Amino acid sequence: MATWSILYYLRNDPDVLRESLRKRGMDPRLVDEAVKADEEWRKLKRMVDEVRHKHNVVTRRIAEERDPERRRELIEQARSLIRERERLEEQLKRVEARRNELLLSLPNIVHESVPVGFSEDENVPIRFWGRPRVYVEHLEAFKQQTERWGFKVDYELIDWKPVGHADMLEYVLGLGDTRKAGEVAGSRFYYLFDDIVWLDIALLLYAIDFMTRKGYRLVLPPYMVRRKVIMGVIDMETFKDAIYKVEGEDLYLIATAEHPLAALYMNEEIPEEQLPIKLVGVSPCFRKEAGAGNRDLKGIFRVHQFHKVEQFIFAKPEESWALLEELIRNAEELFQGLGLPYRVVNVCSGELGAPAAKKYDLEVWMPAQGRYREMVSASNTTDWQSYRLNIRLVRRKGMVKEYVHTLNSTAIASTRTITAILENYQEPDGTVVIPRVLRKYLEMFPKAPKDAIHPVKKEKVN
RNA sequence: GCCGGGGUCGCCUAGCCUGGCAGGGCGCCGGCCUGCUAAGCCGGUGGGGGUUCACCCCGCGCGGGUUCAAAUCCCGCCCCCGGCGCCA
């Protein structure tokens with residue numbers, strides 16, 4: 001009764017899946033393998049069921065049979081059926097494992113509105129907001145990232161080169177120490193101090209305040225989850241690149257609150273009148289960044305641990321696409337509030353990741369880098385996660401059961417947003433102005449910064 | 001971590017000691033009846049397969065084992081409740 005979209009197309013229209021895999025730059029023959037495995041599984045299952053049935057019939061007769069001789073004969077018959085059954089069951093087990101592995105390896109079906117492309121530069125910007133500060137030498141690069149797509153974005157030309165976020169943090173402000181953190185924990189870890197810590201906390205409070213006002217329910221989830229949960233929300237690839245395991249336990253550190261939030265209703269049925277369920281989770285995030293190589297090695301842009309406020313929605317299938325727009329708009333409002341100039345891109349098919357059918361990224365202009373960089377990612381994962389976590393929707397009429405749709409989006413990721421503030425709110429003298437919307441979350445603390453974060457005093461040169 | 005009690009179809013519950021097709025109640029869905037509602041009566045109410053309303057398989061927290069046959073007996077694990085211990 002409950003139909004998973006991928007299994008449906010596998011059996012009824014596999015071309016849809018082949019086309020989707022092609023768009024992702026994957027081998028469409030994976031679909032043929034899956035179709036074959038499913039057919040083989042069904043055939044074998046029929047055979048096994050038949051033998052089981054025969055065995056059940058004989059067994060029931062034994063219970064009634066009183067004559068010892070006749071009884072012995074029946075037991076011998078049952079034994080021989082068991083041998084046959086076990087032989088077939090072993091085959092079934094093998095085929096079933098293969099089939100499930102294939103089914104779970106299939107990525108979500110790419111939505112028709114997703115641009116086909118295989119690298120980051122093929123993401124399609126759909127709107128811009130704000131007036132970026134563009135350093136003269138970045139002007140060409142800036143135009144490349146705006147006008148190439150037919151957008152005319154107003155900008156402020158500056159003739160001084162802003163200091164990059166990593167150097168700002170470590171040397172200009174003197175409020176971060178990644179060298180010592182490297183010694184203590186490894187690269188991509190950090191110590192943050194004083195005003196930057198206040199800023200981290202203020203950002204979280206700002207996002208929590210905003211999202212809860214929108215009616216999202218505030219959740220503090222488990223920071224570790226079982227393997228079956230993690231495999232329910234991400235694919236193997238992401239698992240290898242991102243997930244930390246706790247030694248000796250079936251526990252994995254979450255890479256985002258999305259993971260435990262998705263699992264909040266695992267193995268449950270949600271009546272349709274309860275949907276949509278809108279949540280806002282707050283948690284630390286732990287990521288191995290194994291696939292990142294040397295990218296963004298300096299500073300706190302790409303790190304093993306950060307705080308994030310996350311939007312999450314359980315939805316009826318017919319409303320999920322509208323809710324994806326809501327999630328990205330929420331994120332945009334948050335960044336507009338912060339006054340950080342951004343663009344929203346429609347992420348191309350090859351960069352989606354297996355769980356998502358469609359994804360928007362919000363990228364903030366980084367004046368020191370001369371690039372838009374990802375701050376927010378909003379995805380509609382349709383029934384990909386809910387199938388794996390077994391989260392179903394029950395319609396009032398007719399007791400129809402389907403899988404719910406799940407959606408997720410960043411609200412604010414602390415360290416990344418801090419890097420954007422360090423570059424966009426930087427004055428020529430190194431002072432960082434604190435965005436207005438954050439000030440009320442700092443006011444009540446006597447030691448928190450109020451209007452600006454100042455450069456560390458230069459030591460006097462004698 | 002230790003000791004004890006528990007986990008059965010959406011919810012509640014019987015069955016477990018003594019192995020033989022998982023029974024009842026509530027809720028929900030459909031039908032009958034009905035001026036309407038309620039009551040009452042009948043059927044349905046987990047997953048999968050199938051020639052799709054014949055039928056079959058699987059399902060009693062999860063995984064093994066014993067047996068012709070396991071909710072029931074044995075072993076391991078998970079979770080919940082209570083007590084002790086530890087602890088911010």
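Chain identifiers are assigned alphabetically (A, B, ...) following the order of the sequence lines, protein sequences preceding nucleic acid strands; residue numbering begins at 1 within each chain. What you see is a predicted model, and the numbers here were worked out from it, not measured in a lab.
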Asks: For the backbone of A/Ser386 and the side chain of A/Asp383, can you confirm whether one donor and one acceptor N or O come within less than 3.5 Å of each other?
Replies: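 No.
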Asks: Return the value, rounded to whole Å, for the distance between atom CG of A/Leu81 and atom C1' of B/U67.
Replies: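 Rounding to the nearest Å, CG of A/Leu81 and C1' of B/U67 are 16 Å apart.
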Asks: Within a reach of under 6.0 Å around CG of A/Asn294, are more than 12 heavy atoms found that belong to other residues, nucleotides or ligands?
Replies: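 It does not: A/Asn294 CG has 12 such atoms or fewer within range.
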Asks: When the C1' atoms of B/G7 and B/G61 are compared, how many Å lie between them, rounded to an integer?
Replies: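 Here B/G61 and B/G7 have their C1' atoms 6 Å from each other.
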Asks: How many whole angstroms separate atom CG of A/Leu74 from atom P of B/U67?
Replies: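 In whole Å, B/U67 P and A/Leu74 CG are 19 Å from each other.
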Asks: A/Glu269 has an atom CD; how far is it from atom C1' of B/C28, in whole Å?
Replies: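 Taking atom C1' of B/C28 as the reference, CD of A/Glu269 is at 11 Å.
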Asks: Would you mind listing every ring pair (Phe, Tyr, Trp, His ring centres under 6.0 Å) that reaches into residues 31-79 of chain A, with sequence neighbours excluded?
Replies: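 Every candidate ring pair (Phe, Tyr, Trp, His ring centres under 6.0 Å) pair involving residues 31-79 of chain A fails, so no pair, neighbours aside, qualifies.
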Asks: Taking atom P in both B/G19 and B/G25, compute the distance separating them and give it to the nearest angstrom.
Replies: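 Straight-line distance between the two P atoms is 28 Å.
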Asks: Assess A/Arg416 against A/Phe306: is NZ or CZ under 6.0 Å from the centre of the six-membered ring, and within 45 degrees of the ring's axis?
Replies: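 No, A/Arg416 does not lie over the aromatic ring of A/Phe306.
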Asks: How long is the span from the CG atom in A/Leu104 to the CE atom in A/Met236, to the nearest 0.5 Å?
Replies: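 Reported to 0.5 Å precision, the distance equals 11.0 Å.
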Asks: Are the side chain of A/Gln77 and the backbone of A/Glu73 linked by a donor-acceptor contact shorter than 3.5 Å?
Replies: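 The answer is no, because no donor-acceptor pair under 3.5 Å joins these two groups.
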Asks: Closer than 3.5 angstrom, by distance alone: can the side chain of A/Lys450 be matched with the main-chain N or O of A/Ala448 as a donor-acceptor pair?
Replies: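 Yes: the side chain of A/Lys450 pairs with the backbone of A/Ala448.
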Asks: Which whole-number value in Å describes the distance from A/Arg83 CZ to B/C68 P?
Replies: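 Taking atom P of B/C68 as the reference, CZ of A/Arg83 is at 11 Å.
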Asks: Measure the CE-CD1 distance between A/Met211 and A/Ile412 for me, rounded to the nearest 0.5 Å.
Replies: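 The distance works out to 10.5 Å.
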Asks: Show the numbers, then the answer: is there a side chain to side chain contact (heavy atoms under 4.5 Å, CB included) between A/Lys278 and A/Glu326?
Replies: CA-CA 11 Å; A/Lys278 300 180 179 181; A/Glu326 174 176 317; 2.8 Å; yes
Asks: Starting at CG of A/Asn390 and ending at P of B/G10, how long is that distance when rounded to a whole Å?
Replies: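 So the CG-P distance, A/Asn390 to B/G10, works out to 11 Å.
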Asks: For RNA chain B, what residues of residues 244-252 of chain A have any heavy atom nearer than 4.0 Å?
Replies: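 Nothing qualifies; none.
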Asks: As a test of your reading of the structure, name each stem of RNA chain B as range with range, where a stem is three or more consecutive Watson-Crick or G-U pairs at under 3.5 Å.
Replies: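 In RNA chain B, stems of three or more pairs: B:1-7 with B:78-84, B:10-13 with B:23-26, B:27-32 with B:40-45, B:46-49 with B:55-58, B:61-65 with B:73-77.
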Asks: Strictly by modelled atom types, are A/Asp200 and A/His307 linked by a side-chain donor-acceptor pair under 3.5 Å?
Replies: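 Per modelled atom types, A/Asp200 and A/His307 side chains form a pair under 3.5 Å.
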Asks: Using the P atom as the point on both nucleotides, what is the distance between B/C60 and B/A71, in whole Å?
Replies: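 Looking at atom P only, B/A71 and B/C60 are 7 Å apart.
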Asks: Rounded to the Å, how far apart are A/Ile75 CD1 and B/G20 P?
Replies: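 Roughly 16 Å, once rounded to whole Å.
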Asks: Could you check whether A/Arg226 gets within reach of a base, just the sugar-phosphate, or nothing at all, counting any heavy atom under 4.0 Å?
Replies: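 Answer is sugar-phosphate: A/Arg226 comes under 4.0 Å of backbone atoms only.
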Asks: Can you measure A/Glu86 atom CD to B/G64 atom P for me and round it to whole angstrom units?
Replies: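 Taking CD of A/Glu86 and P of B/G64, I get 13 Å after rounding.
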Asks: Can you tell me how the ring of A/Tyr387 sits relative to the ring of A/Tyr403, calling it parallel under 30°, perpendicular over 60° and tilted otherwise?
Replies: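 Perpendicular.
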Asks: Quantified in whole Å, what is the P atom distance between nucleotide B/C81 and nucleotide B/C74?
Replies: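 Straight-line distance between the two P atoms is 26 Å.
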Asks: Is it true that A/Tyr244 and A/Phe286 have ring centroids separated by less than 6.0 Å?
Replies: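 Ring-ring flag for A/Tyr244/A/Phe286: false, centres at least 6.0 Å apart.
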Asks: On RNA chain B, compare the nucleotides closest to A/Lys93 and A/Arg79; which residue's is nearer the 5' end?
Replies: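 It is A/Lys93 whose nearest nucleotide is closer to the 5' end.
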Asks: When the distance from CD1 of A/Ile82 to P of B/A69 is rounded to whole Å, what number comes out?
Replies: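 Those two atoms, CD1 and P, are 4 Å apart.
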Asks: Would you mind building the protein contact string for nucleotides 49-59 of chain B? One character per nucleotide, 5' to 3', B for base within reach (heavy atoms under 4.0 Å), S for sugar-phosphate only, - for untouched.
Replies: SS-----SBS-
Asks: What do you reckon, is CD of A/Glu90 surrounded by more than 12 foreign heavy atoms closer than 6.0 Å?
Replies: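 Not buried by this count: 12 neighbours or fewer within 6.0 Å.
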Asks: Taking B/C11 as the reference, what is the distance to B/G85 when you measure between their P atoms (whole Å, please)?
Replies: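 Per the computed distance, 36 Å lies between those P atoms.
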Asks: In whole Å, what separates the C1' atom of B/C12 from that of B/G6?
Replies: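 Looking at atom C1' only, B/C12 and B/G6 are 15 Å apart.
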Asks: Classify the nucleic acid contact of A/Ala63 as base, sugar-phosphate or nothing, counting any heavy atom under 4.0 Å across all strands shown.
Replies: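 Base, at least one base atom sits under 4.0 Å.
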Asks: When you measure from the side-chain N and O atoms of A/Arg61 to the phosphate of B/C68, is any distance below 4.0 Å, counting only OP1 and OP2?
Replies: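 For A/Arg61, the contact criterion (side-chain N or O under 4.0 Å from OP1 or OP2 of B/C68) is not met.
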Asks: Applying side chain to side chain contact (heavy atoms under 4.5 Å, CB included), can you list everything that pairs with A/Lys214, at least two apart in sequence or on another chain?
Replies: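 Partners of A/Lys214 by the side chain to side chain contact (heavy atoms under 4.5 Å, CB included) criterion, ordered by chain and then number, come out as A/Phe210, A/Tyr216, A/Asn330, A/Glu333.
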Asks: Assess A/Arg179 against A/Tyr191: is NZ or CZ under 6.0 Å from the centre of the six-membered ring, and within 45 degrees of the ring's axis?
Replies: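 No, A/Arg179 does not sit over the ring of A/Tyr191.
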Asks: If I pick the P atom on B/G10 and the same atom on B/G46, what distance separates them, to the nearest angstrom?
Replies: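 The answer is 7 Å between these two P atoms.
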Asks: When the C1' atoms of B/G83 and B/C9 are compared, how many Å lie between them, rounded to an integer?
Replies: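 Result for the C1' pair: 34 Å, nearest Å.
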Asks: Strictly under 3.5 Å: I want the nitrogen or oxygen pairs between protein and nucleotides 71-76 of chain B, one per line.
Replies:
none

